[in-house]
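Written below as structure tokens is the structure these notes are about.
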Amino acid sequence: QTAKPQVVLLATGGTIAGAGASAANSATYQAAKVPVDKLIAGVPELSAVAQVRGEQVFQIASESFTNEHLLTLGKRVAALAKQADVDGIVITHGTDTLEETAYFLTLTVRTDKPIVVVGSMRPSTALSADGTLNLLNAVTTAADKSSRGKGVLVVMNDEIHTGRDVSKSINIRTEAFKSPWGPLGMVVEGKTYWFRAPAKRHTTESEFDIEQIGALPQVDIVYGSGNASDTAYRAFAAKGAKAIVHAGTGNGSVSGQVVPALRELRAQGLQIVRSARVVGGGFVLRNAEQPDDQYDWVVAHDLNPQKARILTMVALAKGADSKTLQRIFMAY
Ligand SMILES: NC(=O)C[C@H](N)C(=O)O
């Protein structure tokens, strides 16, 4: 019998490690309670798929992830990926910011070994808890050679998504994770089925490298709406933001009351990134809605505001100017 693939499970907390007072509690519970060994022991089927060993990296709800958490996790993933005795890596994570971490790893970890991020929408103590099958599917995907070279993946609800595209689209159903351009594949009864491959630069093709990143600059998001004012943009700038991601209405549009402040902040050296707050995924084009060439602003194209924040931080950490930042936004 050939040896099983070796998969390391890095646990960071979230609802997949959550516990509620009763089996009827699907929404009221505490995240980040169950330790990694118990998570693994809770799914005996894992041992048929891979040799799984666990590490407790953090035990937090993902809404409390900071840039330091991203760096610590990324460096650990990169170190493990270099080891000959590691075939794949699974990261258990809260779902609230899972898409940000998955995209950060997509951009910065240079490996073609499978890296799979997984969470759950219900705590382990709930009826119809989704974490156990999600975890088995994630380990199955990480252990599978066919997952290599596809960038960082997110496995939820039997679907395999790219860490770049996927986003949490609802906070109550188990089919919460959607990609505007569709999933890459499915995992069904212990087998992966692929339908497409990512078109954007990632992992081994990336110009970014977690091992070269010591710190991430402050980049903040301001949400656009009717009756908008420039208060939040100016406040973030005063607190040291190096860039502001504008979560704009519609096509990343900017209120007439806000435009002068953004032009001023750009003149002071902050990068201004126009993204869209629209739910189905934005599609912001340069010089549509606003004269980006004239104002020297950048557009996030199809990246949502939270993913645009991640890419902006990573690019600025490498010293990108506005032209480079725009080039990067179209490539990743
Ligand atoms: N479903 C979840 O995991 C939500 C939780 N608040 C978290 O992100 O940690």
Side-chain angles (χ1 to χ4, degrees), residues 9-40 42-43 54-74 76-77 89-106 115-139 141-142 152-161 163-179 183 187 221 223 279 304-307 309-310:
L9 197 160
L10 297 178
T12 71
T15 297
I16 194 165
S22 88
N25 287 124
S26 61
T28 311
Y29 58 88
Q30 274 193 291
K33 285 276 144 205
V34 182
V36 65
D37 293 344
K38 267 195 142 181
L39 279 184
I40 295 171
V43 191
E55 281 180 32
Q56 192 75 50
V57 187
F58 320 117
Q59 187 63 298
I60 57 174
S62 74
E63 59 270 28
S64 301
F65 252 71
T66 63
N67 290 347
E68 287 66 42
H69 288 112
L70 286 178
L71 290 173
T72 303
L73 179 64
R76 186 65 192 133
V77 172
I89 297 163
V90 169
I91 298 149
T92 56
H93 200 293
T95 55
D96 288 355
T97 62
L98 188 153
E99 67 202 72
E100 298 177 35
T101 299
Y103 189 43
F104 178 73
L105 299 174
T106 299
I115 300 169
V116 180
V117 193
V118 63
S120 78
M121 295 302 293
R122 295 178 182 146
S124 56
T125 46
L127 291 171
S128 289
D130 53 330
T132 44
L133 183 55
N134 283 349
L135 185 57
L136 179 61
N137 285 341
V139 170
T141 307
V152 174
L153 303 167
V154 170
V155 171
M156 294 285 291
N157 199 39
D158 302 351
E159 293 181 339
I160 309 170
H161 294 262
R164 178 199 187 268
D165 290 353
V166 78
S167 216
K168 184 173 181 176
S169 65
I170 191 164
N171 61 359
I172 191 81
R173 297 196 185 116
T174 52
E175 69 270 38
F177 279 73
K178 304 267 186 247
S179 293
V187 204
I221 301 171
Y223 203 83
V279 178
N304 68 25
Q306 54 273 31
K307 285 175 189 276
R309 184 186 77 93
I310 296 288

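All ligand and atom numbering here is 1-based and tracks the order in the structure. Note that the structure is a prediction, hence the values are computed from the model and not measured. We're numbering straight along the sequence, starting at 1.
- Side-chain N or O atoms of D130 include one that pairs as donor or acceptor with a backbone N or O of R122 at under 3.5 Å.
- Checked against a 6.0 Å centroid threshold, the rings of H161 and F177 do not count as neighbours.
- Judged by distance alone, with hydrogens and angles left aside, the side-chain atoms of K168 form no donor-acceptor pair with the main-chain N or O of A176 at under 3.5 Å.
- Here the options are L98, T106, L73, V155, the test is side-chain contact (heavy atoms from CB on, under 4.5 Å), and the partner is V117; only L98 passes.
- Annotation: side chain of T95 is in contact with side chain of M156 (closest heavy-atom distance under 4.5 Å).
- Proximity of a side-chain donor or acceptor of S62 to a complementary backbone N or O of D96 within less than 3.5 Å is detected.
- The 4.0 Å heavy-atom shell around ligand 1 contains residues G14, T15, Y29, A61, S62, E63, G94, T95, D96, S120, ordered by chain and number.
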